[in-house]
Number of protein chains: 2
Amino acid sequence: MTLIKPSTSTAHPTPPTSATTRMRVEDRRELVITAAMAVFGERGYVGATTDAVAKAAGVSQPYVVRMFGTKEALFLAVLHRAVDRLLTDFTAVIDANPDSDTEQLRLGLGNAYGDLLADRGLLLSLMHAFVAGSDPAIGATARAAFLSVYSLLRSRARFTAEEARDFLAHGMMLNTMVGMRMGLEIDDPVARELVECVSPINADLIVRLATDR
Amino acid sequence: MTLIKPSTSTAHPTPPTSATTRMRVEDRRELVITAAMAVFGERGYVGATTDAVAKAAGVSQPYVVRMFGTKEALFLAVLHRAVDRLLTDFTAVIDANPDSDTEQLRLGLGNAYGDLLADRGLLLSLMHAFVAGSDPAIGATARAAFLSVYSLLRSRARFTAEEARDFLAHGMMLNTMVGMRMGLEIDDPVARELVECVSPINADLIVRLATDR
DNA sequence: GTCTATAGGGCGATAGAC
DNA sequence: GTCTATCGCCCTATAGAC
């Protein structure tokens, strides 16, 4: 259930970051969700402002609210988008490796996760939702998202409960490294060892994501 | 690296400075930090208000600000308290088992972690700090806290890098379960399997922490 | 459909009494 | 040392023009 459509505005000479650019309503909605994902990932649900999302998307703040009704509804839309991408990418890996054993699948899914990590907003928005369980709507969405990924690993990828648990635990750890910008401490030998140990493949990415912006 | 002075020091008979003040300043400070830990754990750094902390501690909101200077300074005090408790408890387990092998130590430390989990505010305040790396001061404190725990596992507990990584990853996963209140979904067989798999010992606790309040 | 202007409410921090 | 009162800012959401 991919919600993203190929944007027709790629044919425009100027990137669709300005409100003056003619654009389909759906595309503009996509644009706002993408911008919101980055902002929510950066500042969290409460810390993010609809104004920051608006500025990032190149539209006015009231228009952002108008499109989604409330800030919370916008965040929920971001969460749905995030988990949708996660499930889509994981499913693609699983389907592309019908005869793989668990270890091969684990590596493939790990790579897919690393690719998703490159868009810091996606996994960090999810992470913020995970710790924001005190908000009923956000908590419910977060739990459903987490369980859907767990279910995918268990049924489609045929992981055991322990394999799925360890895979997800490792993912939480990676998210945490990016969230706290551990890459900033890469000159500390202890931090370097930790980062390299958590994910040798994504160590450089973790450093880059920490120094960005 | 103990950052806290023992508040229970009854070295000198508390001289009440005023008739209405029945508590030493230090004790009141402790009281506010404890209250703040619960509030920050519940609502996160941005979501928590100094007024909620004040109400929980039974003092006025301006007094909370005056004691710590700023809300951020209060949060940093909470973080220092949290990591201090973590290090203290872990060190006690390590020192109590000088001849234990890694597996025994892992179990002992896991139990200590479960005990800390019972105070939801402690680990969730840390968790909120971990994803709030965009704030420079909070991010720096969060990274230092994480690295100090990792170092403890590596040097004092003599874990390998992989053992320390897996232990911490498992901890992040537990925090996440509590933060998103996965215990609310315990009637869902999938959720139950997940919770029991993550920590059979603490499954009941996870459910209780989710339904509290 | 998208904007400007602004209402309305909440929050961190300050001033000052006691 | 601790309170009450309050300021001033920021943010979500609404109203209404174009």
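Because the structure is a prediction, the values reported are computed rather than measured. Order of the sequence lines fixes the chain letters, A, B, ..., with proteins taken first and strands second; residue numbering starts at 1 for each chain.
Sorted by first then second residue, the salt bridge (charged side-chain N to carboxylate O under 4.0 Å, His left out) pairs that include residues 41-51 of chain B, not counting sequence neighbours, are Glu42(B)-Arg120(B), Glu42(B)-Arg181(B), Asp51(B)-Lys55(B).
Just one residue in the list Val46(B), Ile138(B), Thr141(B) forms a side-chain contact (heavy atoms from CB on, under 4.5 Å) with Phe75(B), and that residue is Ile138(B).
With rounding to whole Å, Met67(B) atom CE is found 14 Å from dA13(C) atom P. Between the C1' atom of dG1(C) and the CZ atom of Arg28(A) lies a distance of 9 Å, rounded to the nearest Å. In this structure, Glu26(A) places its CD atom 12 Å from P of dG1(C), rounding to the nearest Å.
Val65(A) has its side chain out of reach of Leu74(A): every pair of non-hydrogen atoms, C-beta onward, lies at least 4.5 Å apart.
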Each nucleotide of nucleotides 9-18 of chain D classed B (base within 4.0 Å of a protein heavy atom), S (only sugar-phosphate) or -, in 5' to 3' order, makes --SBBB-B--
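Residues satisfying the side-chain hydrogen bond (donor to acceptor under 3.5 Å, both in side chains) criterion with Asp212(B), sequence neighbours excluded, are absent altogether.
His128(A) approaches Val131(B) most closely through the heavy-atom pair NE2-O, 3.3 Å.
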